[in-house]
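I have placed the structure first, in the form of structure tokens, so that the comments after it can refer back to it.
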Protein chains: 2
Amino acid sequence: MPPRVPDLGEAELETLKTLWDGGPATVREVRQRLAQRGRKVAHTTVLTFLTRLEQKGCVRADKTGHAYRYRARVSRDRIVGSRVRETVKQLFDGAAAPLVLHLMEHESFSPDELAALQRHIDDLARQQEGRRPRR
Amino acid sequence: MPPRVPDLGEAELETLKTLWDGGPATVREVRQRLAQRGRKVAHTTVLTFLTRLEQKGCVRADKTGHAYRYRARVSRDRIVGSRVRETVKQLFDGAAAPLVLHLMEHESFSPDELAALQRHIDDLARQQEGRRPRR
DNA sequence: GCGAACCTACGACAGATGTAGTAGGCTAGG
DNA sequence: CCTAGCCTACTACATCTGTCGTAGGTTCGC
């Protein structure tokens with residue numbers, strides 16, 4: 001439904017993540033969260049991030065007390081989905097399967113993760129079988 | 001081994017792709033290939049892309065005849081690998097499994113692709129079994 | 001030998017992004 | 001009340017990227 005997911009810079013995304021993970025917060029708080037994640041920037045820099053995110057429609061600012069409190073207006077899923085799609089498009093011509101293969105070949109998985117993936121893929125396969133033969 | 005994979009802009013990546021896919025080429029040829037992919041830009045723009053890619057160490061220019069011929073110096077795998085890693089890091093804190101799950105839930109796969117993925121994942125699982133129990 | 005065609009080196013420029021300083025306003029404690 | 005602190009609105013600026021135009025050298029056909 002939402003018209004379009006705007007492009008976000010790396011720092012902007014990082015900022016948004018602090019809101020998804022820690023809930024609504026003031027500039028000061030966001031700054032602390034960013035610092036914990038290793039991004040140590042000036043107070044006004046954080047304000048800039050938040051302001052730009054607001055212009056892009058990704059966060060909302062509510063006056064509470066003396067300071068504004070910012071909260072995410074787009075879900076993590078939406079952003080993640082669009083970024084992943086973007087990557088798939090750029091690197092694999094839009095085909096997801098090659099990316100999955102790539103990941104299976106170049107990244108490592110714990111036994112648990114592997115089992116989960118197996119289960120998931122089996123489910124997908126079953127769904128498809130159930131749909132195709134059509135009786 | 002290579003020190004580092006430099007950051008590439010979207011257009012730069014697109015340009016590199018034409019070299020991977022079609023082999024070494026002149027500015028003129030690269031321009032045509034880009035046009036076919038829907039990116040219609042001026043001759044000098046392509047030259048700029050190629051020049052920047054050269055500065056970043058991604059392509060090499062050989063004087064052949066009157067015009068330079070550019071060829072990729074980094075493999076597609078290296079670039080793809082680093083981009084994927086980057087994405088995984090930014091969106092999933094570096095864990096590949098969640099991305100695979102995400103893809104399985106939000107993207108679609110043909111029966112063939114599904115089968116291939118299944119095979120692949122089973123292989124991985126088998127490998128792990130064989131390594132863990134140790135006899 | 002000349003002009004047309006082509007080639008590359010530079011310089012430019014706008015927009016996006018990361019980063020920060022300044023200035024002026026509001027708040028709360030004394 | 002008045003001051004010390006905190007808050008936000010602006011402005012600024014460097015870099016990176018995508019896009020070109022101009023200018024000057026090279027080549028090739030005639």
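All figures in this text were calculated on a predicted structure; none of them were measured in a lab. Note on naming: letters A, B, ... go to the chains in the order of the sequence lines (proteins, then strands), and numbering restarts at 1 for each one.
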With salt bridge (Lys or Arg N to Asp or Glu O under 4.0 Å) as the rule and sequence neighbours excluded, what pairs involving [range] come up?
range: residues 86-111 of chain A; value: A/Glu107-B/Arg85
range: residues 22-35 of chain B; value: B/Glu29-B/Arg69
range: residues 56-66 of chain A; value: A/Glu12-A/Lys56, A/Arg60-A/Asp62, A/Asp62-A/Arg71

[X]: what forms a side chain to side chain donor-acceptor pair (under 3.5 Å) with it, not counting sequence neighbours?
X: A/Glu54; value: none
X: B/Thr87; value: A/Thr87
X: B/Asp77; value: none

Checklist entry - Which residue, A/Val41 or B/Ala67, contacts DNA chain C at a nucleotide closer to its 5' end, judged by nearest heavy atom? => result B/Ala67

Checklist outcome for this item: A/Lys40 NZ to C/dA20 C1', in whole Å, measures 18 Å

Checklist entry - Rounded to whole angstrom units, what separation is found between the NE2 atom of A/His43 and the P atom of C/dA20? => result 13 Å

Checklist entry - By ring pair (Phe, Tyr, Trp, His ring centres under 6.0 Å), which residues pair with B/His43, not counting sequence neighbours? => result none

Checklist entry - Do A/Asp123 and A/Arg126 sit within salt-bridge range, that is, some charged N less than 4.0 Å from a carboxylate O? => result yes

Contact between [X] and [Y] at the side-chain level, heavy atoms closer than 4.5 Å - yes or no?
X: A/Thr15; Y: A/Arg39; result: no
X: A/Leu99; Y: A/Leu91; result: no
X: B/Tyr68; Y: B/Thr51; result: no
X: A/Val74; Y: A/Leu16; result: yes
X: A/His102; Y: A/Phe92; result: yes

Item to check | Nearest non-hydrogen partners of A/Ala67 and A/Thr26, listed with the distance | outcome: CB-CG2, 4.3 Å

Does any residue of [range] have a heavy atom under 4.0 Å from DNA chain D, and if so, which ones, in number order?
range: residues 6-15 of chain B; value: B/Asp7, B/Gly9, B/Glu10, B/Ala11, B/Glu12
range: residues 24-31 of chain A; value: A/Val27, A/Arg28
range: residues 48-60 of chain A; value: none

Checklist entry - What does nucleotides 23-30 of chain C look like as a protein-contact string, B for base, S for sugar-phosphate only, - for none, at under 4.0 angstrom between heavy atoms? => result --------

Next on the checklist: Can you give me the first and the last nucleotide of DNA chain D (5' to 3') that has an atom within less than 4.0 angstrom of a non-hydrogen atom in chain B?
Outcome noted: D/dT17 to D/dT22

Item to check | Whether B/Arg83 side chain and B/Leu8 backbone form a donor-acceptor pair below 3.5 Å | outcome: yes

